[in-house]
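Quick caveat: nothing in here was measured; it's all calculated off a predicted structure.
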Amino acid sequence: MCGIVGLFLKNPELRPQLGAHLKTMLIGMTERGPDSAGIAVYHRPVQPTQCKLTAFHRDTGYPWREVAGQLGEALGAEVDVERKGNHAVITVDAAEADARAWIARHHPEVRVMGYGQLMEVYKDMGLPAEVACKYALDGMEGSHAIGHTRMATESAVTTEHSHPFTAAPDMCLVHNGSLSNHNNLRKWLRRRGLEFETDNDSEVAARYFAYRMGEGASLAEALEAGLRDLDGFYTFTMGTRDGFAVLRDGIACKPAVLAETDDWVAMASEFRSLANLPGVEKANIWEPKPAVVYTWSLQEAA
């Protein structure tokens, strides 16, 4: 049993409040996931020539500035680093693939949790309130964010196994449920050149959707393909650079609720995580239908 939440702001005037609202939503899912928690926030875009990586090391005293200096020297690029807990946001004036490849080769002890030009990912063991405070979630502005509280059933309780899972630039996924065919699907994806960092079934789903989108599918088309290829029980919430999506399996045994106003769209495993959102008393509130893809985009909201 896990809890998932997501908030997509259609009204730009609400963006300074994104993190504060998501923190309340995340804490509302504590009973569904006390093992660990994670968030992906879409904010602070970098320049077109830059990328940013959210990196993790268990040691809160890890020498991030030294690593950033080495990275900049190796790539001949300007690098900036900002420490947050046992994570660091590394901004590099270089291609994201080159930066990630260098870190993997020279610092395999570092795990890159998220990457792209807009998204930052923070996840850690502990209660949702502890994780939210550790990374100062309530002070984060942005356009949209997703979160997860985990009660492990399929794999170990570690920071690496926590959600969200990133599988492409500015794309991540949170999952409540379990997949019965993840081992076969992992083999299928590996034959197509994809690599995995954990044995978590949710990582398989994230990489599957990234693969479909890499083939040219839209976010909605990738999720629709998943209805055919993913076996099991699931509610997924996904974020991309300009999009937000929710999907339940054909049986819809995992709970989910959506709410929408003119200012925002929100989802959660239970309504209690939506109850304090501004204007929720006037929101359109419904349970997402089985096997129906729901998507929103910043372009449509503009």
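- Arg190 and Glu195 are not joined by a salt bridge, as no carboxylate oxygen comes within less than 4.0 angstrom of a charged side-chain nitrogen.
- When every heavy atom of Gly85 is checked against every heavy atom of Tyr135, the shortest pair comes out as CA-CE2, 4.0 Å.
- In this structure, CD1 on Ile90 lies 10.5 Å from CZ on Arg83, to the nearest 0.5 angstrom.
- Note that CG of Leu173 is 8.0 Å distant from CD1 of Ile4, once rounded to the nearest 0.5 Å.
- Within a 6.0 Å sphere centred on CD of Glu78, heavy atoms belonging to other residues, nucleotides or ligands number 12 at most.
- By the neighbour-count criterion of 12 heavy atoms within 6.0 Å, atom NZ of Lys289 is sparsely surrounded, having that number or fewer from other residues, nucleotides or ligands.
- Counting heavy atoms of neighbouring residues, nucleotides and ligands inside a 6.0 Å radius, atom CD of Glu13 does not exceed 12 of them.
- Two residues are said to be in side-chain contact when any heavy atoms from C-beta on lie closer than 4.5 Å; Lys123 and Val131 fail this criterion.
- In this pair, Phe8 and Phe244 present their aromatic rings parallel. The plane angle is below 30°, not in the 30 to 60° band.
- Each of Tyr294, Trp286, Trp296 was compared with Glu260 under the side chain to side chain donor-acceptor pair (under 3.5 Å) criterion, and only Trp296 meets it.
- Residues Trp188 and Tyr211 bring their aromatic ring centres within 6.0 Å.
- Atom OG of Ser273 and atom CD1 of Ile27 lie 9.5 Å apart (nearest 0.5 Å).
- Taking CG of Asn176 as the reference point, atom NZ of Lys254 lies at 5.0 Å (rounded to 0.5 Å).
- For the pair Glu109/Tyr62, a side-chain contact is recorded, criterion being any heavy-atom separation below 4.5 Å from C-beta on.
- Leu7 places none of its side-chain heavy atoms less than 4.5 Å from the side chain of His144.
- Between Phe236 and Phe209, the ring center distance clears the sub-6.0 Å criterion.
- For the pair Met267 and Val257, the minimum side-chain heavy-atom distance is 4.5 Å or more.
- Between Thr60 and Asn86, the side chains place no donor N or O within less than 3.5 Å of an acceptor N or O (distance only, hydrogens not considered).
- In the hydrophobic cluster analysis, where Ile, Leu, Val, Met, Phe, Trp and Tyr join through side-chain heavy atoms closer than 4.5 angstrom, Leu185 is grouped together with Leu247.
- No chain of hydrophobic side-chain contacts below 4.5 Å, direct or via other Ile, Leu, Val, Met, Phe, Trp or Tyr residues, connects Val92 to Val46.
- When every heavy atom of Asn181 is checked against every heavy atom of Asp231, the shortest pair comes out as OD1-N, 3.1 Å.
- Smallest separation of non-hydrogen atoms from Trp64 and Ala88: CD2-CB, 3.5 Å.
- Between Asn284 and Thr261, every side-chain heavy-atom pair lies at or beyond the 4.5 Å cut-off.
- Contact detail for Arg44 and Lys52: the closest heavy-atom pair is O-NZ, 3.0 Å.
- Atom CG of Asp262 has 12 or fewer heavy atoms from other residues, nucleotides or ligands within 6.0 Å.
- Aromatic ring centroids of His21 and Trp264 lie 6.0 Å or more apart.
- Note that CG of Asp170 is 5.5 Å distant from CZ of Arg241, once rounded to the nearest 0.5 Å.
- Contact between Cys172 and Ile146 at its shortest, heavy atoms only, is SG-CD1, 3.5 Å.
- Glu270 has a carboxylate O that lies under 4.0 Å from a charged side-chain N of Arg32, or vice versa, which qualifies the two as a salt bridge.
- Side-chain contact check for Val67 versus Trp102: some heavy-atom pair is nearer than 4.5 Å.
- Between Glu130 and Lys134, no side-chain nitrogen of the basic residue sits less than 4.0 Å from a carboxylate oxygen of the acidic one, so the salt-bridge criterion is not met.
- Looking at heavy atoms from C-beta onward, Met119 lies in side-chain contact with Val121 at the 4.5 angstrom threshold.
- Arg186 has no carboxylate O lying under 4.0 Å from a charged side-chain N of Glu203, or vice versa, which leaves the two without a salt bridge.
- Atom CD of Glu73 has 12 or fewer neighbouring heavy atoms from other residues, nucleotides or ligands inside a 6.0 Å radius.
- Heavy atoms only, all atoms of each residue included: Ala266 and Leu274 are closest at CB-CD2, 3.7 Å.
- Two residues are said to be in side-chain contact when any heavy atoms from C-beta on lie closer than 4.5 Å; Phe165 and His148 fail this criterion.
- Salt bridge annotation for Asp263-Lys10: absent, with no cationic side-chain nitrogen under 4.0 angstrom from a carboxylate oxygen.
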